[in-house]
Structure formats: C-alpha cells, structure tokens
Amino acid sequence: MAANIVALALVALLYFPISSSISALSSNYYDKTCPQLETLVTYTVQKAMMNDRTVPAGLLRLHFHDCFIKGCDASVLLASKGKNKAEKDGPPNVSLHAFYVIDNAKKAVEALCPGVVSCADILALAARDAVALSGGPTWDVPKGRKDGRISQAIDTRQLPAPTFNLSQLQQSFSQRGLSMDDLVSLSGGHTLGFSHCSSFQNRIHKFNATHDIDPTMKPSFAASLRSVCPANNKAKNAGATLDSSTAAFDNAYYKLLLQGKSLFSSDQALLTAPNTKNLVSKFAASQKAFEKAFVQSMIKMSSISGNGQEIRLDCKVVN
C-alpha cells in the first residue's frame, strides 16, 4: 500500500511539475507606475555592498531559495508568526542573510510608489544587481510577480542539498522546468560566497567505508579544508569560500571544479556525466559563454510561477 502511494506521488510529480513559468511577466511592467524602481534598487544594493562584501552572495542565494520553493513569490522573506515556522527558519535557510537589503529597497520604493511593486520583483532585481555589481553580466529582469502569503519551514526540504548526486539534482531542477544545462550554469552562482563546514563535511571526513576523504578532491585542497573544519568542529562560523575570487562574479568556480577543488558533492556531481562535464569545461574556458548561459537560466528560474496574490507593503508580513 505504502509503495503504491509513493509510486503515485512520483507519477504526479512527473506529470504535474512543482512550478511552471509565469506568463504575465514583462520587462517594462512598471515603466508607467514606478519608473524609478530599478534605480532605487540598484542604489540600495550598491550602498549595502560598500559596507558588506558578502551582500551579493546573500542576495543571489535568497532569490534561488525563494524560487525553488513554490516559485518566485518572496515567501522566503516572511517572518515566522505564532505557531507557523516560516521558510527562513527552515534548516537549509538559517544561514540566509541580506534580508535587510530587500527591506531597505522596499522602503525606498514604497516612499515613491506606494502599494505598486512586489517584494518578489524587488528580490529578483536585487539578485541581478548583485551579479552585475560584482563584475558579472546584467540583464532585463521580467517583472510582474505577486507576493505569496504562505511560508512554511517544512517546505525547505524541497531545496536541492549540497550532498545531492546528479540524478537527485536533475529531478529537483526538472520539477521546476529547468534543464541540465540550467543546472550547470546556475551552479556558477557558487562563484560568490562562503560555505559553513557542515555543507561539505561529508567529503573530508568519513567519506565512505574505503576513503576518509573523497578521492575526487585534490589532496592538498582537502587537507586545507580539514585544517579549518576538523572532524569535531565546534566553531560555528568555520568554513571556506566557494571559489578563490569570492567577491568577483567570474568563471573561476568551473576552473577549480576541474582541478578537484570544489566544496560540495553537488558541485563534483556535475563531472559525473559527459553532457554536464562538457559544459563545465566550456564555461571554464570561456567566461563569455558562461555569462550568456547564466543570464538565460536566471531569467528562466526567476520566472517560475509562485502562489502570489498580493503586493506586500512590508516584505516580512502579509497584508
């Protein structure tokens, strides 16, 4: 009986994907109702970056984690209330940060265009600015998202984990209408940021019955990680940067991946199939090719429809 229920659930996922693309988005959605929108958001992101170099990685991760749970509806920004534990307090999201940047941008936008612009659109714009202001590409962000009212911590179990293998990643992305090419290009977002030890501990301690360390990892790189993240690590903030140029949006992530210097199992997984490995090699050889693919995949991901029905006046609470 239980097996049949699981089988039916899998069939349902195959035929009814978690999310589809929002059809009503437009790059000129606010041209008449809030023409200053993009300038306000960019200024807010730029100002925050001057005081904190980790802001771009934080904003990009916020947008990913928002879109991968019930679509891009800013549900990741909602605060827990009463007995309801919100997405932001789910285990994979407790290290999310830079919420204040979205709050500041929302206040600036509300002052000029009250009740017009969704938090979901501000988050999508801020993620784009995070990339562009870190030396990466820019693009026209399709707009017109609505804000969701539902945010539950239990749903964060749907997020792809850093321990995922390629088939698990493929399933997670395909459920959201994203391809394997999108998987490889969006993984390039790991060019920005930092990871705590817990996300890659599985590769540097007790990897399997035969190896203590993942044999695909370069030994000297593994040794440096083990020195920062010992097996009995108690340092809450211990970890490592995701690539060697962590504040610059570039293709170093792919170059390091080919050298056995990636942090996550999910990164290394990209080398386990010919099609994804070829794309990693292509992006390692050409930043231009990576940037073009990244922009296309970002637009696609940021267009995953959510359950939004309103324009929140405060991104932390429903109206």
Side-chain angles (χ1 to χ4, degrees), residues 48-49 51-62 64-65 89-98 130-131 134-136 156 159-166 168-169 183-184 186-272 276-277 280-281 283-285 287 290:
M49 285 175 63
N51 298 316
D52 184 354
R53 291 177 64 198
T54 70
V55 159
L59 292 173
L60 195 54
R61 191 161 173 244
L62 270 178
F64 281 150
H65 284 223
D89 293 320
N93 283 349
V94 291
S95 61
L96 290 177
H97 69 292
V131 171
S134 299
T156 59
L159 290 167
T163 54
F164 270 15
N165 61 35
L166 195 60
Q168 291 171 311
L169 290 167
L183 164 63
V184 179
L186 290 173
S187 293
H190 288 166
T191 183
L192 298 174
F194 173 92
S195 170
H196 291 98
C197 298
S198 57
S199 294
F200 56 87
Q201 196 87 353
N202 66 303
R203 297 188 71 201
I204 59 172
H205 299 289
K206 299 179 181 177
F207 177 67
N208 61 25
T210 313
H211 300 95
D212 193 31
I213 298 170
D214 184 343
T216 63
M217 189 178 273
K218 188 169 183 177
S220 59
F221 180 64
S224 68
L225 293 179
R226 281 165 66 101
S227 68
V228 177
C229 303
N232 58 347
N233 175 56
K234 297 288 193 296
K236 186 179 177 183
N237 295 318
T241 56
L242 294 177
D243 81 6
S244 54
S245 54
T246 188
F249 192 91
D250 55 26
N251 63 341
Y253 162 80
Y254 297 103
K255 294 177 181 178
L256 292 169
L257 180 49
L258 292 173
Q259 294 168 22
K261 295 180 180 179
S262 63
L263 286 186
F264 305 143
S265 295
S266 58
D267 294 325
Q268 182 61 30
L270 302 182
L271 302 183
T272 59
T276 51
K277 185 175 182 179
V280 168
S281 298
F283 294 159
Q287 180 156 331
F290 161 51

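Everything quoted here is computed from the prediction, not taken from an experiment.
- Considering all non-hydrogen atoms of both residues, Ala57 and Gly193 come closest at CB-CA, 3.5 Å.
- Using a 4.5 Å cut-off on side-chain heavy atoms (C-beta onward), Asn233 and Val228 make no contact.
- Here side chain to side chain donor-acceptor pair (under 3.5 Å) pairs that include residues 256-265, with residues two or more places apart or in two chains, are Asn202-Ser265, Arg203-Ser262.
- Atom CG of Asp214 sits about 6.0 Å away from atom CD of Gln268, to the nearest 0.5 Å.
- When all heavy atoms are compared, the tightest approach of Phe200 to His196 is CE2-O, 3.5 Å.
- Contacts of Gln201 classified as side chain to side chain donor-acceptor pair (under 3.5 Å), with partners at least two apart in sequence or in another chain: none.
- Residue pairs meeting the disulfide bond (SG atoms under 2.5 Å apart) criterion with at least one member in residues 204-271, sequence neighbours excluded, are Cys197-Cys229.
- By the side chain to side chain donor-acceptor pair (under 3.5 Å) test, Ser95 is found to be paired with Arg61, residues two or more places apart in sequence or in another chain being considered.
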Evaluation steps, side chain to side chain contact (heavy atoms under 4.5 Å, CB included), between Leu270 and Leu257: CA-CA 9 Å; Leu270 302 182; Leu257 180 49; 4.2 Å; yes

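- Not counting sequence neighbours, Asp250 has no partner by the salt bridge (Lys or Arg N to Asp or Glu O under 4.0 Å) test.
- The shortest heavy-atom contact between Ile213 and Phe207 is C-CB, 3.8 Å.
- Nearest heavy atom pair, residue Phe249 against residue Thr191, reads CD1-CG2, 3.5 Å.
- Asp212 pairs by the salt bridge (Lys or Arg N to Asp or Glu O under 4.0 Å) definition with Arg226, not counting sequence neighbours.
- Ring geometry for Phe264 against His190 counts as perpendicular: the plane angle is over 60°, on a 0 to 90° scale with 30° as the lower cut.
- Closest approach of Val280 to Tyr254, counting heavy atoms only: O-CB, 3.8 Å.
- A 4.5 Å side-chain heavy-atom check between Leu263 and Ser199 finds every atom pair outside the cut-off.
- Here CG of Asn165 is found 7.5 Å from OG1 of Thr272. Values are rounded to the nearest 0.5 Å.
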